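All remarks here apply to the structure that follows.
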Amino acid sequence: MARLNDDAQWIILMGFIVSFSIFFLALVLNQSTVVGQTTAEGVIEFPKNDIRDLSDAITSNITGPNEAVVLEDFRRIALNRKNAVVNYSITPADDYTIVKVHYNNGVTIYEENWTSLYY
Amino acid sequence: MVNADAQLFTIEGLSAALIMIMTVFIVVNTTSVYTPGDAHISDMQLEILGTDALRMMDVPESYGTRSLLRTIIEENKFETFNGTFLNYTNNRTLLGPDHIKYNASYTCRNTADDSISTIVLGGSQTLTGTEHPVRVTKWVRVKTNICGPIAQDRAVLMEVLLWRD
């Protein structure tokens, strides 16, 4: 090794530093797009509209004479068309009504405790 | 005697080549991820637009009256649905109408055997299979003899497939 010329070691050093910095920049760029995709997927997968819609539809009429038929409608159709297990119970109290809504589509589980002061 | 002066240059060349190949591989991978990510964003916007339109159609004009969507299902008024829905989704400020197309149907439960029936309401254009539609749904409370002999309170699920032509 003593006979080798070691004058230009800094060129090699600089080469390595530049190469590795480009490599890490590419790595960061790669990761950032994947993060964006998983975020978008997460937003789409969360059934925000489904849950709001379901809760609104259930609580929009809780004094009908045939609530059992409507409950069965919600349960069967949600299971068939939305792949979601839906159940709810309507419990009348003194001057209000409590509605408990259960929703589970396998990924998101949601329980709502809704109270009415109008009926 | 073989000259061993330039061994470091060879090592540098090899490592630089390796790093460049890995960088190119990662960059090429990166660009292929862009397409699904972009599709998700426009899908999300279309889904919000459709959900809003159906939600507006299911709001009664005053307390105690029937909503437009409920009237449409109870009386099977496809023309009303077609006009209102396209008006809500395709209107743009200061521009011509947008090119959103849809197919609409609703699902009800048969009281006799608990089976599910999907009734096609109609659409502005037939699906050919090359479109990329998103599905929006709306629960509607109706009072009619839908999927059963007696006119009573029922819940049906309105489903709309939306795509931009």
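Quantities reported herein were computed from a predicted structural model and do not represent experimental measurements.
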Among A:Leu54, A:Asp53, A:Ile12, A:Ile58, the residue with the most heavy-atom pairs under 4.5 Å to chain B is A:Asp53
_same_hphob_cluster(A:Tyr103, B:Val136) at 4.5 Å side-chain heavy-atom cutoff_ = no
If one checks every heavy atom of B:Ser15 against chain A at 4.5 Å, the contacting part turns out to be side chain
Applying a strict 4.5 Å limit to non-hydrogen atoms, the region of B:Gln152 in contact with chain A is both
Rounding to 0.5 Å, atoms CD (B:Glu12) and CD1 (A:Ile11) come to a distance of 7.5 Å
Here the gap from B:Thr107 atom OG1 to A:Asp73 atom CG, rounded to the nearest 0.5 Å, amounts to 11.0 Å
Most contact-rich option vs chain B, by heavy-atom pairs under 4.5 angstrom, among A:Val70, A:Asp50, A:Leu71, is A:Val70
Review point. When clusters are formed by joining ILVMFWY residues with side-chain heavy atoms under 4.5 Å apart, either directly or through shared neighbours, do A:Ile90 and A:Val101 land in the same one?
Key: yes
If one checks every heavy atom of B:Arg141 against chain A at 4.5 Å, the contacting part turns out to be side chain
Is the closest side-chain heavy-atom distance between B:Thr111 and A:Glu72 below 4.5 Å?
no
Under 4.5 Å to a heavy atom of chain B? For A:Lys48 that would be neither
Side-chain contact test, heavy atoms from C-beta onward, threshold under 4.5 Å: evaluate it for B:Asp153 versus A:Val69 and give yes or no. no
Report yes or no: do A:Ile51 and A:Ile77 belong to one cluster of Ile/Leu/Val/Met/Phe/Trp/Tyr joined by side chain heavy-atom distances under 4.5 Å?
yes
Residues A:Ala78 and B:Trp139: closest non-hydrogen pair is N-CH2, 3.7 Å
Are more than 12 heavy atoms, taken from residues, nucleotides or ligands other than B:Phe78, located less than 6.0 Å from that residue's CZ atom?
yes
If you tally heavy-atom pairs under 4.5 Å between each of B:Leu8, B:Ile48, B:Ile11, B:Asp114 and chain A, the highest tally belongs to B:Asp114
Honestly, the part of A:Glu67 sitting under 4.5 Å from a heavy atom of chain B is side chain
Shortest non-hydrogen pair, A:Ser19 vs B:Ile19, comes out as CB-CD1, 3.5 Å
Open item on the list: Counting only heavy atoms from other residues, nucleotides and ligands, does the tally under 6.0 Å from CD of A:Glu111 exceed 12?
Closed with: yes
Check: Can you check whether B:Ile26 reaches A:Phe23 side chain to side chain, under 4.5 Å on heavy atoms?
Finding: yes
Transitively linked via ILVMFWY side-chain contacts under 4.5 Å: B:Phe25 with B:Met20?
no
Honestly, the part of B:Thr137 sitting under 4.5 Å from a heavy atom of chain A is both
*asked:* Could you see if B:Ile119 belongs to whatever hydrophobic cluster contains B:Ile72? Use Ile, Leu, Val, Met, Phe, Trp, Tyr and a side-chain cutoff under 4.5 Å.
replied: yes
Bottom line for B:Val140: the part with an atom under 4.5 Å from chain A's heavy atoms is neither
**Report entry** Heavy-atom side-chain proximity of A:Lys82 to B:Arg135 below 4.5 angstrom
**Finding:** yes
Taking the side chain as every heavy atom from C-beta outward, state whether A:Arg52 and B:Thr51 have any pair of such atoms under 4.5 Å apart. no
With the side chain counted from C-beta on, respond yes when A:Asn80 and B:Arg109 share a heavy-atom pair under 4.5 Å apart, and no when they do not.
-> no
